[in-house]
Amino acid sequence: IPSSFGVILRTTEKIVWANEFEIELTCLIESISTNNPRIEWKKIKNGIPSYVYFQNKIADLEQRAQLKEPANILIWNTTRSDTAEYRCEVAAIDDQRDFDEILISLAVRKPVVPRCSVPEAVTVGTSTELRCLENEGFPTPLYRWFHNNDELPEDPKNSLKFVNSSYTINPDTGSLKFRRVRKEDAGEYYCQAKNDAGHAQCHPQVMEIDVDILGIFLKSFGAVVVFFCFAAPICLTFKRGCFQKKGHNENYNWPAQANGVDYGDADEGHFRHKSSFII
Ligand SMILES: *[C@@H]1O[C@H](CO)[C@@H](O)[C@H](O)[C@H]1NC(C)=O
Ligand SMILES: *[C@@H]1O[C@H](CO)[C@@H](O)[C@H](O)[C@H]1NC(C)=O
């Protein structure tokens, strides 16, 4: 019978895309007559081999790998550094053909959710940049941007919807730059990082477009008004409270410090979202 003449290995996947945190490299023994064959796994990275499984023990990838019957290997928490070729070798002393090996390459890694930065508000007519970054995917992913769920074409001139927009996209770096923002550029933006193993995207973030400098002036002016209406009385109340307990000099300097600044910021943020000066 041919099958008793030697060891023959087979795998279900010769190229494994490591897009999950747990992967299994398969090394199936199709035929063998030796009872306790010697099983070894080697990892070959940049031409240099190291042992993953040797003398019935996990060597490299300590705590992250396990042999699974018959000769498969499980690896957890794969990272980019696990990208390599893996070789399963089985030696069967009692077989006529007493050795076989199979090479599997662990290659691609799915991107994780990219980090996106979208300015909250931009003044009409000014320039701005939105950024997107992902650094787990392998090979390095390419980036795409979406505005209110519509993909931004690489060249706005190619689209009826975006023809008047002044943006440029760099799919390699994830940068989306506007030379001059328009009212119509306002909306929700998100970015997607994609490679052969898959894709991931960040949550949409809103970019508002402010009318003009006057709008900004009124906003700041409003913040000052709000400060005097709300923050200042609060400070005064505190001051009086302290005044009764503590010494004269100590609390005299107090209200203008950190608290004053905090109230100013908080109120400005609050005021911004009232949208009176935002379109
Ligand atoms: C794998 O990662 C998870 C969470 O990221 C961690 O809790 C776990 O301990 C890791 N396992 C190993 C074997 O490193
Ligand atoms: C683009 O600008 C042209 C000329 O100002 C205008 O006629 C057209 O409607 C604009 N298109 C869009 C989609 O806004």
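Both counts, for ligands and for their atoms, begin at 1 and track the order of listing. Source: prediction; values computed, not measured.
- At a distance under 4.0 Å, no protein heavy atom can be found next to atom 7 (O) of ligand 2.
- Tested against Arg97 for a salt bridge (charged side-chain N to carboxylate O under 4.0 Å, His left out), the candidates Asp94, Asp100, Asp95 yield a single pass: Asp100.
- The sulfur atoms (SG) of Cys27 and Cys88 lie less than 2.5 Å from each other.
- For atom 4 (C) of ligand 2, the nearest protein heavy atom lies 4.0 Å or farther away.
- Checked by atom type, the side-chain pair Asp185/Ser165 shows a donor-acceptor distance below 3.5 Å.
- Here the heavy atom of the protein found nearest to atom 12 (C) of ligand 2 is Asn164 ND2, 3.2 Å.
- The backbone N or O of Asn77 lies less than 3.5 Å from a partner atom in the side chain of Arg64, making a donor-acceptor pair.
- Looking only at heavy atoms of the protein, atom 13 (C) of ligand 2 is closest to Leu160 O, 3.4 Å.
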